[in-house]
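Working notes for the structure below.
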Protein chains: 2
Amino acid sequence: MATHNGGLSDRKKLILKAIVEAHIQGGEPVGSKYLTESQQLTCSSATIRNEMAELESMGFLEQPHTSAGRVPSKQGYRFYVDALLEEYAMTAKEIAQINQLMKVKMSELDRILDSASKVASSLTNYTGFAIKPRSRSITVNRFETAFIDNHSFILILVASDGTVKTRNIIVDAEITPRTVTTVSDVLNELVIELDADEINLPIIMELESRVGDAALVNAVMKSIYEVLGELDGGELKVSGLDRLLQYPEFADSEDLGQLLGAFERKEDILDLVSDTEGDGVHAVIGSESSVKVINNSTLVFKPIKSKGKTVGAIGVIGPLRMDYARVLATLENLGGNITQLLNEPKHKEKGDSHDG
Amino acid sequence: MATHNGGLSDRKKLILKAIVEAHIQGGEPVGSKYLTESQQLTCSSATIRNEMAELESMGFLEQPHTSAGRVPSKQGYRFYVDALLEEYAMTAKEIAQINQLMKVKMSELDRILDSASKVASSLTNYTGFAIKPRSRSITVNRFETAFIDNHSFILILVASDGTVKTRNIIVDAEITPRTVTTVSDVLNELVIELDADEINLPIIMELESRVGDAALVNAVMKSIYEVLGELDGGELKVSGLDRLLQYPEFADSEDLGQLLGAFERKEDILDLVSDTEGDGVHAVIGSESSVKVINNSTLVFKPIKSKGKTVGAIGVIGPLRMDYARVLATLENLGGNITQLLNEPKHKEKGDSHDG
DNA sequence: TTTTAGCACTCTCGGATTTAAAGTGCTAAA
DNA sequence: TTTAGCACTTTAAATCCGAGAGTGCTAAAA
């Protein structure tokens, strides 16, 4: 009865919420007696026991063994998080804290993300991360060069998403400022807006004949491939790794090893975040997704938008019994601040029809 | 008697060596009986017991408790490593492996270091790291700019040690290619070879009046400070973090947390490596140095030289009972390869008296 | 004088046993 | 429908015990 939302009576919800929160705080299974004593529950322990038995049979709770208290199941956490998503809020103090931390003005996404992972970690006390997701079909829109000395110059690549990458190129042969100007001119003519696999031998031959130095073209092409790879390869910054250790869940087990490995390989986490749609905060609890790595962990993240497109994400990773309320609120605000920072009207679009 | 070297008789050295190696392999205390059975020791267990008792009173061995075997003390490891340093060698197979892994041609120190830490980790099976040490008194020798669009350009800084850094600068006001040329010209005239604290208000005022855009100068100066900070701030790349977990020494304890923290803070490890002199492989065992972080760990690294100057280091970190022979040999070779790579004659010096 | 064999002693580790605590499910009463 | 009470289960901690390993010491052998 009274099951208009999620199939649970109000009292069941209340009990589930109380159990999740108690377990988040203490890390131990929580029993009926504890709930009657310390909480806003007005019924007796026996009643709660009955309700808990039902919640368990519905899959929201688990019992490590007979006569331990109950622990939320992954489904239980999920329900809690979903319910929470509608109502979380931050204290004014915490918002002020975020604002202050973000005052460190940052101008480039790469460095924003780096700081953001640190901030996320320090605010939530979990391991923080920031990500620039893979995105196929990014190409180079424009090439620039800058002469450095007789044997080296800088190649600047402006990508279709606005990011700018540079490469330091060193060559055997003597070069002149004229040489590098030629390089950028030729590149701008031949290699614009091509995918990595569209750059074929004829194009390279043409480049060589026009620049007149095969080794140089070689070095340049290698850099271009590298940059193209980086552009859609995604980046992952992690900070506060040591915070994982404060939770007994990770004290010993191999889960910690899996997480560390995942942070180094990056692919799993990049995939997970890249495949996600939507603006709000996402929570991946246990192995909900196909990524087995985060088996007994929770990954919470919020996408970051710039000009309507997802350009990154920030999040935290921690044990199943994560302080969801706090994390959700923090990420929501932090993500909002970063999005705002990115969209400040200092950097106008290049003007597609306004410039020609 | 017969204590010409290190104050130990030859037999004591042999026993110490056998104990260290047995303990490295097995991870357990080693007793006198084990040594007589499996090793090249020709005397009886009783004799070994006597020698071990002496080695212990001299500080080279420790006993976890009465009637466990002996474990090398930090001093014991140190002696072993010092003795080893004179004679280690690699198998041809391992050298071939290094050479192949380094075939991935790399052109810049930053990226060399990144790969190097991975290679070091995968060859030794310990956590690898690569470092670019702090070095005071690096200044910017030359500025270049490249126009990107009406609101952004690239600032290129060529440092006195030859490294090149770039910064993407975004400004509110409209700019032209002429503007950015002015910027580099003025910078090249006023801000060359200055330390961060030598850039004072008069210079900035002069810049503003010449460039004519205070906000732009502001952004530029901020980037310059950042780059100067990075140049002498050092960098630390770590890879194979998860390998730490395979050693029971780090399975549970807080040592792991300290290490993870140290890798994130970077300062401790940077200081440690930056303060070291000499070409060869260095081993820091336990808390030999003032860095308390690596209390129950060993850090082994080899400096990397370019044109006679130390420009970085590669190393590994692991438990006290590290396979020193293997690690020392690997790092020696790997470091040598990188040094060679850096000094390949493709990149000649800018020619101090040869060019003018 | 140095090495070895033998033996008593100490200590830890693993397993088995016990005890205390916690929590449940169920029944019967309110 | 809720509550009180109670018997039952199960775990975690404490205790005990014996086996095993290794030592130090003493006395004999080289």
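Residue numbers start from 1 in every chain, and the chains themselves are labelled A, B, ... in the order their sequence lines are given, proteins ahead of strands.
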Requested in this report: Specify whether B:H282 and B:F301 have parallel, tilted or perpendicular ring planes, treating 30° as the upper limit for parallel and 60° as the lower limit for perpendicular.
Outcome: parallel
Report task. Just compare C:dT3, D:dG24, D:dA4 and give me whichever is closest to any side-chain atom of B:R11. Result -> C:dT3
Query raised in the report: Nearest-Å distance, CG (B:L35) to P (C:dT4)?
Result: 14 Å
Query - Integer-rounded Å distance: D:dG24 P and B:K33 NZ - result: 16 Å
Query raised in the report: Going by atom types only, do B:T36 and B:S45 share a side-chain donor-acceptor pair under 3.5 Å?
Result: no
**Report entry** B:E51 CD to C:dT4 C1', straight-line distance once rounded to whole Å
**Finding:** 14 Å
Report summary line: Note: for B:P64 and B:A46 on DNA chain C, the residue whose nearest nucleotide lies more 5' is B:A46
Query - Residue A:M52, side-chain atoms from C-beta onward, closest of C:dT24, C:dA5, D:dG24 - result: C:dT24
Query raised in the report: Checking all strands, does A:A68 fall into the base, sugar-phosphate, or nothing category for heavy-atom contacts under 4.0 angstrom?
Result: sugar-phosphate
**Report entry** Any N/O donor-acceptor pair, A:R70 side-chain to C:dG25 base, under 3.5 Å
**Finding:** no
Report task. Nearest whole angstrom, please: distance from the C1' of C:dT3 to the CG of B:L41. Result -> 14 Å
Report summary line: Against the side chain of B:T47, the closest entry in D:dT23, C:dT4, C:dT24 is C:dT4
**Report entry** Euclidean distance, atom CG of residue B:N50 to atom P of C:dA5 [Å, nearest integer]
**Finding:** 13 Å
Query raised in the report: Among the nucleotides C:dT12, D:dT2, D:dT23, which one has an atom lying closest to any side-chain atom of B:H65?
Result: C:dT12
**Report entry** Neighbour count >12 (heavy atoms, 6.0 Å) for atom NZ, A:K74
**Finding:** yes
**Report entry** From C:dT10, D:dT3, C:dT24, nucleotide with atom closest to A:Q63 side chain
**Finding:** C:dT24
Report summary line: Winner on side-chain proximity to B:S67, out of D:dG22, C:dT4, D:dG24, is D:dG22
Query raised in the report: Partner of C:dA30 by Watson-Crick or G-U wobble geometry, both contacts under 3.5 Å, or none?
Result: D:dT1
Query raised in the report: Are A:S117 and A:S239 close enough, and set up right, to give a side-chain hydrogen bond (donor to acceptor under 3.5 Å, both in side chains), and what steps lead you there?
Result: CA-CA 6 Å; A:S117 78; A:S239 63; 3.2 Å; yes
Query raised in the report: Checking side-chain hydrogen bond (donor to acceptor under 3.5 Å, both in side chains) for the pair B:Y126/B:T298: CA distance, chi angles, key distance, verdict?
Result: CA-CA 11 Å; B:Y126 295 101; B:T298 300; over 6 Å; no
Query raised in the report: How many Å lie between CD1 on B:I48 and P on D:dC25, as a whole number?
Result: 18 Å
Query raised in the report: More than 12 foreign heavy atoms under 6.0 Å from CD of A:E28: is that the case here?
Result: no
Report summary line: Among C:dT24, C:dT4, D:dT3, the one nearest any side-chain atom of A:R49 is C:dT24
Report task. Take the protein atom CD of B:E28 and the nucleotide atom P of C:dC11, then report the distance between them rounded to whole Å. Result -> 20 Å
Report summary line: To the nearest angstrom, the CD-P distance between B:E54 and D:dC25 comes to 12 Å
Query raised in the report: Counting only Watson-Crick or G-U wobble pairs whose two distances fall under 3.5 Å, which nucleotide matches D:dG18?
Result: C:dC13
**Report entry** Residue A:T66, side-chain heavy atoms: nucleotide from D:dT10, C:dT4, D:dT2 that is nearest
**Finding:** D:dT10
Report summary line: Closest of C:dT12, D:dT23, C:dT3 to the B:S32 side chain is D:dT23
